[in-house]
Amino acid sequence: MYENLRIDYQEGIAILTICREKALNALNTATMNEFYRFFCEEGPTLSNLKGVVITGAGEKAFAAGADITEFSHLDAAQGAAFARRGQELFDLIERFSKPVVAAVNGFALGGGCELAMACHLRVASERARFGQPEVNLGLLPGYGGTQRLVRYIGRGKALELLLTAEMIDAQEALRLGLVNCVVPAGEEVAKACALIEKIAAKAPIAVAKVIEAVNAYFKPGANGFAVEAAAFGTCCNTEDFREGVRAFLEKRPAQFQGR
Ligand code: CO8
């Protein structure tokens with residue numbers, strides 16, 4: 001039973017909508033727990049799942065951050081635990097073996113921007129706005145924002161956004177490489193689904209291995225080249241590899257089975 005997320009299945013794609021419109025879809029603990037449940041328990045058991053889209057209810061916000069009403073009384077130990085739990089969830093999303101696409105329909109601030117950055121791809125509506133305004137609250141991002149923002153847009157620009165708490169619009173996010181594309185308002189979920197459909201036509205094991213190898217680039221201590229070589233070997237052992245090569249030689253579309 002989900003109360004803060006609505007989950008719609010559409011042609012094999014799970015569309016997760018954060019339904020806390022009155023609080024601009026702020027990520028309270030209950031919402032974070034429901035995300036956790038989906039990505040940890042339910043999502044991995046869905047055998048025909050093509051991918052996941054995350055979006056926010058209404059026209060104003062994707063998610064305006066962690067729910068500020070919940071953390072005014074946190075002490076140091078509780079704050080660190082709160083942040084670690086969120087980081088764990090966003091890592092799960094980043095490591096999910098099927099593509100996860102954020103359809104950013106409005107404000108993506110603080111934890112909302114961090115959630116979008118944990119997704120594999122980001123589609124922004126022209127109304128989307130991104131920012132990490134935590135310093136306004138006497139905080140810094142706690143759900144991986146200081147790390148992922150640097151990866152996407154580089155140290156200088158990331159520091160500027162993190163230190164000034166300035167928001168950027170969708171076009172600037174596109175220019176900086178924070179989002180993959182910008183679409184007219186209202187078309188972001190359809191575009192996210194179209195991206196997933198395109199990926200769903202590829203070999204599922206190869207897709208999962210691309211995600212794993214790219215993640216290894218950012219994992220301290222991991223040797224990304226070694227992960228890539230091992231993943232390459234795994235793919236060579238699949239029926240899909242044989243089918244992909246056969247289909248190429250026979251000049252026909254490949255029919256991948258995920259085996
Ligand atoms: N948490 C809780 N409620 C929120 C949040 C939020 N993050 N954002 C907006 N709301 C609520 C408002 O309080 C308001 O409620 P009410 O109607 O009951 O007064 C309602 O949503 C509508 O908001 P506004 O009236 O403020 O709407 P505006 O259009 O005037 O402004 C803004 C929109 C600019 C988005 C504004 O709401 C805002 O600045 N929101 C806060 C943004 C923010 O600071 N986000 C970062 C939060 S901190 C964070 O995410 C850290 C993550 C890591 C945490 C680690 C744990 C320790």
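First listed ligand is number 1; within each ligand, the first listed atom is number 1. Throughout, residue positions are numbered sequentially from 1 according to the sequence presented.
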Query raised in the report: Side chains of E42 and R37: closer than 4.5 Å at any heavy-atom pair?
Result: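 The answer is no, as the side chains (C-beta and beyond) never meet within the 4.5 Å cut-off.
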Query raised in the report: What closest approach, in Å, do A26 and D67 show between heavy atoms, and which atom pair accounts for it?
Result: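 Smallest heavy-atom distance, with atoms named: CB-CA, 3.9 Å.
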Query raised in the report: Between F62 and A102, what is the shortest heavy-atom contact and its length?
Result: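 The pair with the smallest heavy-atom distance is CZ-CB, 4.1 Å.
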Check whether any protein heavy atom sits under 4.0 Å from [atom].
atom: atom 21 (O) of ligand 1; answer: yes
atom: atom 29 (O) of ligand 1; answer: yes
atom: atom 26 (O) of ligand 1; answer: no
atom: atom 12 (C) of ligand 1; answer: no
atom: atom 37 (O) of ligand 1; answer: yes

[atom]: nearest protein contact (heavy atom, Å):
atom: atom 2 (C) of ligand 1; value: D67 OD1, 3.4 Å
atom: atom 10 (N) of ligand 1; value: A23 O, 3.8 Å
atom: atom 24 (P) of ligand 1; value: L24 CD1, 4.5 Å
atom: atom 57 (C) of ligand 1; value: F82 CD2, 3.8 Å
atom: atom 39 (O) of ligand 1; value: L109 CD1, 4.8 Å
atom: atom 44 (O) of ligand 1; value: P133 CG, 3.6 Å
atom: atom 53 (C) of ligand 1; value: G142 N, 3.4 Å
atom: atom 51 (C) of ligand 1; value: E134 OE2, 3.4 Å

Using heavy-atom distances, let me know which of [options] sits nearest [atom].
atom: atom 46 (C) of ligand 1; options: A61, G144, A165, G110; answer: G110
atom: atom 43 (C) of ligand 1; options: G86, G65, A81, A64; answer: A64
atom: atom 52 (C) of ligand 1; options: K60, E114, M32, R85; answer: E114

**Report entry** Flag for N28-T31: side-chain donor and acceptor within less than 3.5 Å
**Finding:**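 Note: T31 and N28 side chains meet the donor-acceptor criterion.
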Give the contacting part of [X] toward ligand 1: side chain, backbone, both or neither, where contact means a heavy-atom distance below 4.0 Å.
X: A66; value: both
X: L27; value: neither
X: A26; value: side chain

**Report entry** Criterion side-chain contact (heavy atoms from CB on, under 4.5 Å) against K157, the qualifying member of L176, L162, L149, I168
**Finding:**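 That would be L176; it is the only one of L176, L162, L149, I168 passing the side-chain contact (heavy atoms from CB on, under 4.5 Å) with K157.
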**Report entry** Heteroatom distance test (I68, ligand 1): nitrogen or oxygen, under 3.5 angstrom
**Finding:**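 Checking ligand 1 against I68, an N or O pair does fall under 3.5 Å apart.
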Query raised in the report: N/O of F107 under 3.5 Å from N/O of ligand 1, yes or no?
Result: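 In fact, backbone or side chain, F107 has no N or O that close.
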Query raised in the report: Think R148 forms a cation-pi with F218, using NZ or CZ under 6.0 Å from the six-ring centre and within 45 degrees of its axis?
Result: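 No, a cation-pi geometry is absent between R148 and F218.
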Query raised in the report: Looking at Y152, does the NZ or CZ of R122 lie under 6.0 angstrom from its six-membered ring centre and within 45 degrees of the ring axis?
Result: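 Ring-cation test returns yes.
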Requested in this report: Using a strict 4.0 Å threshold on nitrogen-to-oxygen distance, state whether E172 and R129 make a salt bridge.
Outcome: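 No, no charged N to carboxylate O under 4.0 Å.
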Query - contact_flag K22 ligand 1 heavy-atom lt 4.0 Å - result: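 In this structure, K22 qualifies as a contact of ligand 1 - some heavy atom is under 4.0 Å.
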Query raised in the report: Could you give the distance from CZ (R259) to CG (D240), rounded to the nearest 0.5 Å?
Result: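 It is 8.0 Å, given to the nearest 0.5 Å.
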Query raised in the report: Relative to each other, are the rings of F38 and F96 parallel, tilted or perpendicular (30° and 60° limits)?
Result: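 It falls in the tilted class, 30° to 60°.
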